[in-house]
2 protein chains.
Amino acid sequence: MRQPVFSTSVTHSIVQDLGVGIVTGRFDDVPFPTESALCEHYGAARTVLREAVKMLIAKGLITTRPKQGIRVSPEHNWNLLDPDVLRWLLERKFSMRLLVEFTQIRLDVESGAAALAARFATEDDKAQIQAAIGRMYAAEKGDDDPLHSDIAFHVAVLQASGNRFYLQMRDMISAALHVSIMRTNKLKGVHRASARDHDRVAQLILAGESEAARKEMRDLIQGAFDLINELPKRE
Amino acid sequence: MRQPVFSTSVTHSIVQDLGVGIVTGRFDDVPFPTESALCEHYGAARTVLREAVKMLIAKGLITTRPKQGIRVSPEHNWNLLDPDVLRWLLERKFSMRLLVEFTQIRLDVESGAAALAARFATEDDKAQIQAAIGRMYAAEKGDDDPLHSDIAFHVAVLQASGNRFYLQMRDMISAALHVSIMRTNKLKGVHRASARDHDRVAQLILAGESEAARKEMRDLIQGAFDLINELPKRE
DNA sequence: CCGTCAAGAAATATATTACAAATAATCTAA
DNA sequence: TTAGATTATTTGTAATATATTTCTTGACGG
């Protein structure tokens, strides 16, 4: 339902492949191929290639100029907050540094969202938050998925903030959380914040305790941050 | 230097026009034109239109399906943090609500960036911050531009955080700050935080006082936030 | 002899046109 | 209700022409 229209659209798969290639540095040392070279490589028509290229331009990954060809943009021009770009980076070029940076911004963003949620959450928002907490408790008893219930909670809080910019980070944070938890689990064994810890945040939001909710959410994520910092720093 | 390649590229101007049209709700009540209708309207070839459409898809503004045509995505799918999308919104469909929401997230993001800057700023970062403060004092004496020196300060702090996600918000925040200051000036007369207020933040960053810098930056932006909330709420 | 400028050539993206194929909503008939 | 046909529309292919930037070359002046 949320799939790309043509599930195996040629354009889409070229965008994927080039996008992943760019963020993983496949073209760092070699000049980026020209349009026609890419056509040949993918066995696709010119227009299809051009459309793929345009999508990557729209995401800030490349630029094009006559006589100069296609070039990978300097990294600071990439739309890091574009869900595709971030996902490509997290899934294909995971690095401790990226995870640390992302968790740092989560400390600010999610605690801010919690504070807003405490003030502005609608009844429906509150129900969503409580439902997620319920799932987390269920997960501790093996009756639900721990990963998805955790993500559901964080998304519900962003949603409850009523601020579109926080809401925008929903996809990013759920993608990142997914990768983050998988990694930390793999490296350290299952060890993450309990449903009880999350519940404390939820209760403060439901009670409208804005500043307390901010602090509690910050502490919660700080816990994840500390866990990450204990991981081996290789690369 | 940061201009689009062909300064008057047909594709680029179509993307602009459609992008602005979408965010300003030009297609809310009428069905979105088909590819061929757009061709005719812009007097452009089919392929050009398709490339423009692909760029808008990449920014989350539209979706396409056979038999259904091009459709404007629900607003929560827009890549609000894409610099183009945000700029279109701010410049062409300014609303108090958007400015309030954006300033809310700035409270969290910029105070977080200030805290990180206090811990991790390089010598060069610090020099940039001090230079911006110098420009702000100069602006108060009429020797520099008040708007640009203000923006330079906030950008320098984001840069100094050393975190790519904060850095990513540079374009967004400078665009938004630009619009925000213009608006508040127009509606309330010149009245904004002094160079002295900014300098206090800068000194705390330079001194490595992480938590104090966070608080001072938050207070600074809270001042702007209070100012915005005093503005007439029309629309 | 060196540097600057102008004109032309070359490389490459950009734009046009025409047509074929695939997909998914809608309609029709059993 | 379901299965199939219809049809509107995007997606993909191909060949060609245009526009823009960069590089090269040469001329001129210092």
Side-chain angles (χ1 to χ4, degrees), chain A residues 1-19 21-22 26-27 30-74 77 84, chain B residues 1-19 21-22 26-27 30-74 77 84:
Chain A
M1 178 175 177
R2 313 217 67 270
Q3 294 306 315
V5 184
F6 289 45
S7 45
T8 54
S9 144
V10 177
T11 305
H12 186 259
S13 45
I14 294 176
V15 169
Q16 285 301 104
D17 189 65
L18 285 178
I22 291 166
R26 192 193 303 161
F27 304 105
V30 299
F32 204 94
T34 62
E35 242 178 49
S36 44
L38 287 170
C39 275
E40 202 169 347
H41 178 256
Y42 289 107
R46 201 67 176 266
T47 51
V48 173
L49 247 300
R50 286 182 57 76
E51 285 162 24
V53 163
K54 281 286 192 286
M55 296 190 82
L56 295 171
I57 291 175
K59 293 180 185 303
L61 293 183
I62 57 180
T63 59
T64 57
R65 311 186 72 166
K67 177 73 181 179
Q68 187 182 58
I70 303 166
R71 284 198 176 170
V72 175
S73 297
N77 281 111
D84 286 327
Chain B
M1 179 176 178
R2 314 216 64 270
Q3 295 305 317
V5 183
F6 288 47
S7 43
T8 54
S9 145
V10 178
T11 306
H12 185 259
S13 43
I14 293 177
V15 169
Q16 280 311 97
D17 189 66
L18 285 178
I22 292 165
R26 192 193 303 162
F27 305 105
V30 298
F32 203 93
T34 63
E35 242 178 48
S36 43
L38 289 170
C39 276
E40 201 169 348
H41 178 256
Y42 289 108
R46 203 67 175 265
T47 52
V48 173
L49 248 301
R50 287 176 52 181
E51 285 162 23
V53 163
K54 280 287 191 293
M55 296 190 82
L56 295 171
I57 291 175
K59 293 180 186 302
L61 294 184
I62 58 180
T63 59
T64 58
R65 310 185 73 166
K67 178 71 182 179
Q68 184 184 60
I70 303 166
R71 282 198 177 171
V72 176
S73 296
N77 281 112
D84 287 325

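First the proteins, then the strands, lettered A, B, ... as listed; each starts at 1.
Here P33(A) pairs with F27(A), A37(A), L38(A) under the side chain to side chain contact (heavy atoms under 4.5 Å, CB included) rule; sequence neighbours left out.
Spacing between atom CD of E35(B) and atom P of dT17(C) amounts to 15 Å, rounded to whole angstrom units. One atom, OH of Y42(A), and another, P of dG12(D), lie 14 Å apart when rounded to the nearest Å. As a whole-Å value, the separation of H12(A) NE2 from dA22(C) C1' is 17 Å. Going from atom CZ of R71(A) over to atom C1' of dT21(D) covers 12 Å, rounded to whole Å. The CZ atom of F32(A) sits 14 Å away from the C1' atom of dT12(C) (whole-angstrom rounding).
Here dT22(D) is the nucleotide among dT22(D), dT14(C), dT10(D) with the atom lying nearest to any side-chain atom of Q68(A). In the set dT11(D), dT22(D), dT9(D), the nucleotide with an atom closest to the side chain of T34(B) is dT9(D).
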> For D17(B) and R26(B), what are the C-alpha separation, side-chain angles and deciding distance, and is it a side chain to side chain contact (heavy atoms under 4.5 Å, CB included)?
Replying inline: CA-CA 11 Å; D17(B) 189 66; R26(B) 192 193 303 162; 3.4 Å; yes
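An OP1 or OP2 oxygen of dT12(C) is reached within less than 4.0 angstrom by no side-chain nitrogen or oxygen of R65(A). For the pair K54(B) and dT11(D), the criterion of a side-chain N or O lying under 4.0 Å from OP1 or OP2 is met. Regarding contacts with the backbone of dT14(C), every side-chain N or O of T11(B) stays at 4.0 angstrom or more from both OP1 and OP2.
T11(A) and A52(A) get closest at one heavy-atom pair: CG2-N, 4.0 Å. The minimum heavy-atom distance linking K59(A) with A58(B) is given by the pair NZ-O, 2.9 Å. Minimum heavy-atom separation, L56(A) to G19(A): CD2-CA, 4.0 Å. Counting all heavy atoms, side chain and backbone alike, E35(A) lies closest to I70(A) at N-CD1, 4.1 Å.
Counting only heavy atoms from C-beta outward, the side chains of T64(A) and F32(A) never approach each other to under 4.5 Å. Residues T47(B) and R50(A) fail the side-chain proximity criterion, which asks for heavy atoms closer than 4.5 Å. In this structure the side chain of V48(A) never reaches within 4.5 angstrom of the side chain of Y42(A), judged on heavy atoms.
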Expected rows: protein N/O vs nucleotides 2-8 of chain D N/O, under 3.5 Å:
residue: dA8(D); atom: O4'; partner: K67(B); partner atom: NZ; Å: 3.2

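Within residues 43-52 of chain B, the residues having any heavy atom under 4.0 Å from DNA chain C are, by residue number, A44(B), A45(B), R46(B), T47(B), V48(B).
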